[in-house]
Amino acid sequence: MCVINNTWEQRKLSDIAIKIITKNQAVQYTETLTNSAEYGIINQRDFFDKDISNTENINGYYIVKPNDYIYNPRISTLAPVGPINRNKLKRTGVMSPLYTIFRVQASIALLFLDWYFASTVWHKYMLMNGDSGARADRISIKDSTFFDMPIMIPKNIDESVLIGKTLESFNDYITLHQ
């Protein structure tokens, strides 16, 4: 951990989150979710207008709970290194193992992290440490490297809550006036 000043610090993603690898082996959950750069976490059927998965092939999918974060390695114009979004649906679903799912464990405001991952601050790390390889439409990055991603965060959770709420208020204001 590298302390930058008295109020902010640089942490690794692995310091604040854990990878979720719980599989849907008993097919307890049947709603398949997807991570869209434009819409965030949504029902797969709503995004593709059809079911890609079915109850026979989702037993190997990961269980995604509310407030879990999902990294989609698929690159696009809106997400040049792939999007990271939080499951704000308030329900549990499943996702393909092509995604990286993680759950924040530390005292950090989720809204702050939402805005952090909506920014481009973390893109340079992904571009320097990931590889598009044979599939030019996806970033390939080892889990250990992904979870070594540095994140600048306020030491005080109240500050991260305030930053997240302020950015959300600005966004709501802009949306209202468009």
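Keep in mind that the numbers below use all heavy atoms, side chains included, and drop hydrogens, waters and symmetry copies.
- Residue-environment remark: CD1 (Ile21) stays at or below the threshold of 12 foreign heavy atoms within 6.0 Å.
- Between the side chain of Tyr69 and the backbone N or O of Leu110 there is at least one donor-acceptor pair closer than 3.5 Å.
- The backbone N or O of Ile151 lies less than 3.5 Å from no partner atom in the side chain of Trp122, so there is not a single donor-acceptor pair.
- Between Phe147 and Phe102, the ring planes are perpendicular. Angles over 60° get that label, and only those under 30° would be called parallel.
- Phe146 has its ring centre less than 6.0 Å from the ring centre of Tyr71.
- In the hydrophobic clustering of ILVMFWY residues, with side-chain heavy atoms under 4.5 Å counting as a link, Met152 and Val104 come out together.
- Ion pair Arg86/Asp68 not flagged as a salt bridge, since none of the NZ, NE, NH1 or NH2 atoms sits closer than 4.0 Å to an Asp/Glu carboxylate oxygen.
- With sequence neighbours excluded, no residue forms a side chain to side chain donor-acceptor pair (under 3.5 Å) with Lys165.
- Residues forming a side chain to side chain contact (heavy atoms under 4.5 Å, CB included) with Pro150 (at least two apart in sequence, or on another chain): Gln10, Tyr125.
- Side-chain contact annotation: Thr34 with Tyr99, donor-acceptor N/O pair under 3.5 Å present.
- Panel note: side chain Asp114, backbone Ala118; no donor-acceptor pair is recorded below 3.5 Å.
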Distance-only donor-acceptor hits, side chain of residues 157-164, under 3.5 Å, sequence neighbours excluded:
unit_1	atom_1	unit_2	atom_2	d
Glu159	OE2	Trp8	NE1	3.1
Ser160	OG	Ala109	N	3.4
Ser160	OG	Ile157	O	2.8

